[in-house]
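As structure tokens, the structure follows; a few thoughts come after it.
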Amino acid sequence: MLDRRRFLTATTGVAALALRGSLWAQLEKVPSTLPDPGQYKSNAEAYWSELRKQFLIPEDEVYLNNGTVGSSPAPVLRAIFDGYSSTEKMDQQDPEDYPIWGYAAWNEFRDPLAAFVGCGRDEIALLRNATEANSYIANGIDLKPGDEVLMTDQEHPGGEHPWNLRAKRYGIVVNKVSLPKPVNDAAQVLNLFNYAITPRTRVMFFSHITTVTGVVLPAKELCSLARSKGILSAVDGAHVTGMMALNIHSLGCDLYSSSPHKWLQAPKGSGFLYVRDEVIDRVWNTIATEGWDEPKLRAERFQRIGSSNVPALCGLRAAIKLANDIGMDRIEHRHRELANYVLGEMTKRGAESWTSPDPALRCAIATVNIPPIQRMDLEKWMWNEHKIRIRGGEPSKLRLSTPYYLQKKDIDRFLEKFDEYKREKKL
Ligand SMILES: Cc1ncc(COP(=O)(O)O)c(C=O)c1O
């Protein structure tokens, strides 16, 4: 049994420990304002280094896998917590005003998002991620057995499998074009799609930025090709929001999905589905509750999924504000600069580039092939020995993501360790 004094010491110690390690305590140490935008002009590296303080990723960790999932910085986390404070008290004035979160227009969140991605509020539904949005697309369009969907061989499972399910259950056909590694130019991709279209092609589904190599596909041209042939275009833009400037209307697609929890650094479980107003009535709901059959709701009917998570939406809104405050042009410029740097350094080291040589077809993901190195062995070594997180694919592909909060010195540390690994393993 603990006596009172020892009990107090022990519990205070536990509390102190918990506090020290807690997110709240860490957030308190983060500067409450963003760096002066003027600093960017005089010393851009210092500006980014100051901005890095907004992220909780420890100083000694190098995170080169933002492509899988981003890290929400302090302004986003604070907005989520504030969202909980204002909703969890259940003290709304109107007794009927429960936070019935699955049944609202959420225009206060849709408006800034629609402005950020270049479309109308009524064309956007707030969902949890690109996988969910892709599933709505694959399940929602009328297709007969034998109708075809044409995609690339670089789709993410969360993009491809909704169609595979539809194929297995209802007999549609999934066809694929094989993208070269690397893709050299836009014409190559357009020709591949053009040749693969058949009289039964009803949908062209492709990633705006692929998960496999990070190539930025010529989405505008592909959508226009689809339109010219009466084919629906559905674009998986999981990576795009926050990585590069996006204007969905100017792409001219019919449907667009995205996961802002990647490059916009929004809360996990933030996604959206865009449906061009002219095709909204051709897309069935997959999840149905009140409103599913109400055309007046336009895209709002797709976000009616039952009770949902409003604090995450507060975080999404804060992530948009943060990107606007920094400036998407600066963010995209930084993304490209860092990716070009790591790509150049890796190719100097003999890596085979799977990243497009055309700057218009790449952004913040550099992919290289590095045989005979086994990427899993390298990945574990980097993380376990040096706190550097990378990711790739079997057997020897490395996919290096370069979010704006990464420092040049972080990339240099990765490169130095890469050289050390090769020396140690005699490769
Ligand atoms: C192109 C693409 N689509 C879909 C997804 C799935 O994203 P989420 O897990 O956020 O649904 C990813 C994830 O990396 C992706 O790269």
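We count ligands from 1, going down the list as the structure has it; atoms in each ligand are counted the same way.
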With sequence neighbours left out, what residues match Tyr63 under ring pair (Phe, Tyr, Trp, His ring centres under 6.0 Å)? none
So, using side-chain hydrogen bond (donor to acceptor under 3.5 Å, both in side chains) as the criterion, who are the partners of Asp185 when residues are at least two apart? none
Just by distance, with hydrogens left out, do Asn66 and Gln265 show a side-chain donor and acceptor under 3.5 Å apart? yes
Reference residue Lys417; test side chain to side chain contact (heavy atoms under 4.5 Å, CB included); the match among Glu385, Met382, Glu424: Met382
Do Glu352 and Trp354 have side-chain atoms, one donor and one acceptor, less than 3.5 Å apart? yes
Tabulation required: pairs of a nitrogen or oxygen in ligand 1 and a protein nitrogen or oxygen under 3.5 Å; columns are atom names and distance to 0.1 Å; otherwise 'none'.
residue	atom	partner	partner atom	Å
ligand 1	3 (N)	Asp236	OD1	3.2
ligand 1	3 (N)	Asp236	OD2	2.6
ligand 1	10 (O)	Ser259	OG	2.7
ligand 1	10 (O)	His261	NE2	2.7
ligand 1	11 (O)	Asn129	OD1	3.4
ligand 1	11 (O)	Ala130	N	3.4
ligand 1	11 (O)	Thr131	N	2.9
ligand 1	11 (O)	Thr131	OG1	2.5
ligand 1	14 (O)	Lys262	NZ	2.5
ligand 1	16 (O)	His239	NE2	2.8

Table please: side-chain donor-acceptor pairs of residues 216-230 below 3.5 Å, with sequence neighbours left out.
residue	atom	partner	partner atom	Å
Arg227	NH2	Gly252	O	2.7
Ser228	OG	Leu225	O	2.7

